[in-house]
Amino acid sequence: MSSSEQRKAFPFSDFEPRWQAEWESANAFHTPNPGDPDFDASKPKYFVLDMFPYPSGQGLHVGHPEGYTATDIIGRFKKMSGFNVLHPMGWDAFGLPAEQYAIKTGQHPRTTTEKNIEGFRGQLKRLGFAYDWAREVNTTDPGYFKWTQWIFLKLYHSYVNEVGKARPIAELEAQGLSRAEIDARRLAYVSEAPVNWCPELGTVLANEEVVDGKSEVGGFPVERRPMRQWMLRITAFAQRLIDELDGLDWPESIKLLQRNWIGRSEGAHVTFGVADGEDTITVFTTRPDTLFGATYMVLSPEHPLVPKLTTEAQREAVEVYQKSVASKSDLERTELAKEKSGVPTGAFAINPVNEEKIPIWIADYVLMGYGTGAIMAVPGHDERDFEFAQKFELPIKQVVQPPEGKDWQGFTDDGVAVHSGFLDGLATPEAKAKITTWLEEKGLGKGTVNFKLRDWLFSRQRYWGEPFPIVWEDGEHRGIPETELPLLPPTLEDFKPTGTPEPPLSKATDWVQYSETAKRELNTMPQWAGSCWYYLRYCDAQNSERFVGEAAEKYWMGGGKPGGVDLYVGGTEHAVLHLLYARFWHKVLFDLGYVSTPEPFQRLVNQGLIMGEDGQKMSKSRGNVVNPDDVVSEYGADSLRLYEMFMGPLEQSKPWSMKGVEGVYRFLARVWRLVMEVDEEGRWSISTALKDVEIDKPLNKVLHETIKKCGEDIEKLSFNTGISQMMVCTNAFTQSEVRPVTGVLTFLRVLSPFAPHLAEELNAQIRTAFPALVPEGFVSDLTWPVFDPAALVEDEIEVVFQVNGKLRDKARVPAKASKEEIEKIALASAKVQEFMEGKPARKVIVVPGKLVNVVV
RNA sequence: GCGCGAGUGGCGGAAUUGGUAUACGCGCAAGAUUAAGGAUCUUGUGCCGCAAGGCUUGGGGGUUCGAGUCCCCCCUCGCGCACCA
């Protein structure tokens, strides 16, 4: 043994790899599917899922094992509690970062991806997670992305019907709709619209991937430019994506984030005629009741009607303004948002409700991407319009009377309609209803629901992604037959971005040519594609006939009370990206009859961020990054697992502390020494304190409290408090001269989901000394111990005595003592009497088993 | 600006329905053991005070026999959205 080995408080580096190998060779965490010979259909299912990692070249960081340990503990616990547990792992390996890493290291992304996956898999295996590796998925594997492409074809060949359900396009064909009409309704469609183009990344990005006008990946500037792109019609599901959040056991904050992102608002479309012409302008407003207060209109500078409406006198000013807006990036546009700007077009519109002529302006505070790209401005009751009207001295009219005492100028809440003709005297909600009906009767408008959510820009101009199963011929697109899947990307030596919007796949001239007259689509899918459905693939990862077998899907996703994934753990960063996209795809698959539930993830838990020791976010530049491998080699995998769970509540962000790691390491060493003792030469052998005797009452009480609390805490994911209870239990055993073997064995079962290697090793060590007491097999195959409520009952309990709410004395009283008896004992207490100062008790409150409060 | 969440010892953090605030761990101190210990074990450890006692859950008010927990006002920090009509 080397000197560094001797310094170890217990030989984890010896037994941890040994048990990992034993589990692997015994296939200990194999999870059978319905139909498999070893499948037990009588057991309930539990599907516990992690957000699968992107296998970066950096390897695992300490944030990964946080969520993975949490799910591993609950998975192992559920297995011991009689569930069939599905707890898989895989790789989200397509996408920009993988490609950039490959370019940087001068290798093919296929090579780097495989290497990185190998590294990640090895690291995870060294942490002893109970995954069924036979279910491993890899989004870049043709056997996997075949089905990603297949789902895309389903989207392409589907539309949303009148009641909001996805249905096959064949239905529209049967109705005799034209090609153009059908294309306009596909869930995957081609659009020529301004998109987020990032020159630095050489690709377009989804709205969700652009943060403050910069790319989420890398932070590069993003510009708007019109390009022909594939879109997914997620907006058709906007309402369902909001409504169906209600039944989910998710953090309210995440639900709120999604609701806000989808951004539903109720209002009306109102159509204004343009003075001296045939044109009309439709606006969206949430406050149709303020129509009488509209004193001007504003169009977005990009609004298509602007050139037509602009008068000769204003043309130059308008064009200058349009140019200045266009030259600004989104970032600049928001930065400069403080000061309102705009120019009049010279044209006028007619307010339909009172025939007033109001000027039409353009201003960049009106966005082309929201509503109709045009607004009616009601400066009296809208902050932005108010600011604009003040700056350009436009009239401000009151049409809402605020409640008593408030200034009407800029009042935006509900009130009572005034100066509004037939609406006068109506409260805002009634006024909204009345004007909407009036508009509808006159054909001037319509009640409408508007969403902030935009359709999902689904194509990228990069190499490392799923090619679209689409070909083009005579300017028309069509899906390739399913039999041609998977469509592999071409093998390209030079896969770098072209520097233009032309995708790199264009360089593969042979591949591009689908037939003499047809060419392949050159774009690839975004990274999110593969992660939209990977949880389904886990249910039946090897299936080559179907994206997931029907029986497997029904059991793992359909079984249980609400169905779906029973627990999904991951970071908040996916609140509106992955979690929204995956819900969308799942709903389509549900409507088409391929999956059993409308929602994929029943219960969601977000783990908090792990900060550096300095309380700052971990980053290489700050030099505060903790490498899990170092922790494992110095303290062992069990210590890392346990520390990550002991740091604090899972959901909370918390700083790392090496001292804290040592703390749990010492705890595990104490557990080790419950069973093992060391001789002069440093050799370990079974402890002589370990005896096959009956456990005494106080020790048994702690043990059963531990069984109870740990079971409850695992269900609640309160691992930190569960661990503290195990520490209490261990301290009690340590302090006992004799350690009853059966009690220690029971404790090891409770410990095993948290520290599986140590539990397994000590269980086996005890088996050598007490063969009759330890069954063959792994601890993980044992059942979770049942706690005995009788063991928790005590004969005497401590009751505290208060005088006027202040603690003055304590006493042990028989557990069965009546209220009257306890009160008597309390009033007899010298301390209590002292603080009563001879005054009579006005009132005595007795809480049995807890306290007595004497009020004087 | 709007929305959400959180403020408890020197530090990470515990506290059923309102019922002993500070569990557990870290750190610190003393002792035991030891050739030695960055090992282990034992004991102590919220603050002020010699003590009796008093004070204490971001600050202020309130409800209550009793408030970290419930209600009102304010402050600080974190996260999200950010001209969404």
Side-chain angles (χ1 to χ4, degrees), chain A residues 6-9 211-212 251-257 259-261 263-265 267 283-287 290 298 300 333-334 336-340 363-367 369-378 381-385 387-388 412 450-453 572 575-576 608-609 613 615 642-643 646-649 651-664 666-667 669-670 673 678 712 718 720-731 734-735 798-810 841-856:
Chain A
Q6 265 173 343
R7 247 189 274 129
K8 286 182 174 136
V211 180
D212 293 335
E252 276 309 314
S253 60
I254 299 290
K255 290 190 186 182
L256 198 68
L257 237 46
R259 285 195 193 102
N260 290 345
W261 187 266
R264 181 184 199 274
S265 50
V283 302
F284 173 72
T285 176
T286 55
R287 292 297 298 272
T290 62
V298 186
S300 161
R333 201 162 152 172
T334 46
L336 299 170
K338 292 180 179 101
E339 181 78 348
K340 290 272 179 295
D364 67 357
Y365 83 93
V366 174
L367 310 170
Y370 184 78
T372 61
I375 62 158
M376 63 179 213
V378 184
H381 305 287
D382 180 280
E383 272 177 53
R384 298 147 300 177
D385 298 344
E387 207 186 308
F388 191 85
T412 56
N450 194 62
F451 294 95
K452 233 160 76 176
L453 184 70
T572 344
V576 286
L609 218 58
E613 298 238 14
L642 213 66
Y643 174 65
F646 187 61
M647 291 173 83
E651 295 92 333
Q652 197 171 299
S653 87
K654 53 235 159 202
W656 188 268
S657 157
M658 268 315 177
K659 287 284 183 193
V661 180
E662 280 181 42
V664 294
R666 280 203 280 266
F667 160 65
R670 282 158 77 91
R673 289 194 309 271
V678 71
E712 290 167 355
S718 299
N720 54 332
T721 51
I723 292 166
S724 86
Q725 180 61 39
M726 289 194 288
M727 288 172 169
V728 170
C729 187
T730 303
N731 292 344
T734 300
Q735 278 157 19
E798 191 177 65
V799 171
V800 301
F801 302 148
Q802 298 177 333
V803 179
N804 290 335
K806 284 194 199 284
L807 177 70
R808 295 306 180 185
D809 203 4
K810 302 174 185 188
R842 282 197 290 136
K843 198 169 172 187
V844 180
I845 288 124
V846 181
V847 183
K850 291 259 184 205
L851 60 76
V852 179
N853 189 13
V854 183
V855 187
V856 292

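Just so it is clear, the values below take in all heavy atoms, side chains as well, and ignore hydrogens, waters and symmetry mates. Proteins come first, then strands; the chains are lettered A, B, ... in the order of their sequence lines, and each starts at number 1.
Of all nucleotides listed (A14(B), U20(B), C81(B)), A14(B) comes nearest to the side chain of Asn720(A).
Heavy-atom distances to RNA chain B give each of Ser724(A) and Met647(A) a nearest nucleotide, and the one nearer the 5′ end belongs to Met647(A). Between Arg673(A) and Gly660(A), the residue whose closest nucleotide on RNA chain B is further toward the 5' end is Gly660(A).
Nucleotide U17(B) is matched to nothing when pairs are restricted to Watson-Crick or G-U wobble geometry with both distances under 3.5 angstrom. The partner of U34(B), taking Watson-Crick or G-U wobble pairs whose two distances both stay under 3.5 Å, does not exist in any strand shown. Nucleotide U63(B) is matched to nothing when pairs are restricted to Watson-Crick or G-U wobble geometry with both distances under 3.5 angstrom. The partner of G7(B), taking Watson-Crick or G-U wobble pairs whose two distances both stay under 3.5 Å, is C75(B). Across all strands shown, G44(B) forms a Watson-Crick or G-U wobble pair, both distances under 3.5 Å, with C28(B). Partner assigned to A82(B) is none, using Watson-Crick or G-U wobble distances below 3.5 angstrom.
Residue Asn731(A) has no polar side-chain atom (N or O) positioned under 4.0 Å from OP1 or OP2 of C41(B). Phosphate contact (OP1/OP2 of G3(B), side-chain N/O of Arg259(A), threshold under 4.0 Å): absent. Look at Lys843(A) and you'll find a side-chain N or O under 4.0 angstrom from OP1 or OP2 of C65(B). Between Thr734(A) and C41(B), a side-chain N or O to OP1/OP2 separation shorter than 4.0 Å is absent.
Judged by distance alone, with hydrogens and angles left aside, Lys659(A) brings no side-chain donor or acceptor close enough to the base of C11(B) to form a pair under 3.5 Å.
The distance from atom CZ of Phe801(A) to atom C1' of G19(B) is 14 Å, rounded to the nearest whole Å. Computed from coordinates, the Arg842(A) CZ to U64(B) C1' distance equals 13 Å when rounded to whole Å.
Within residues 802-809 of chain A, the residues approached by RNA chain B to less than 4.0 Å at the level of any non-hydrogen atom are Gln802(A), Lys806(A), Arg808(A), in residue-number order.
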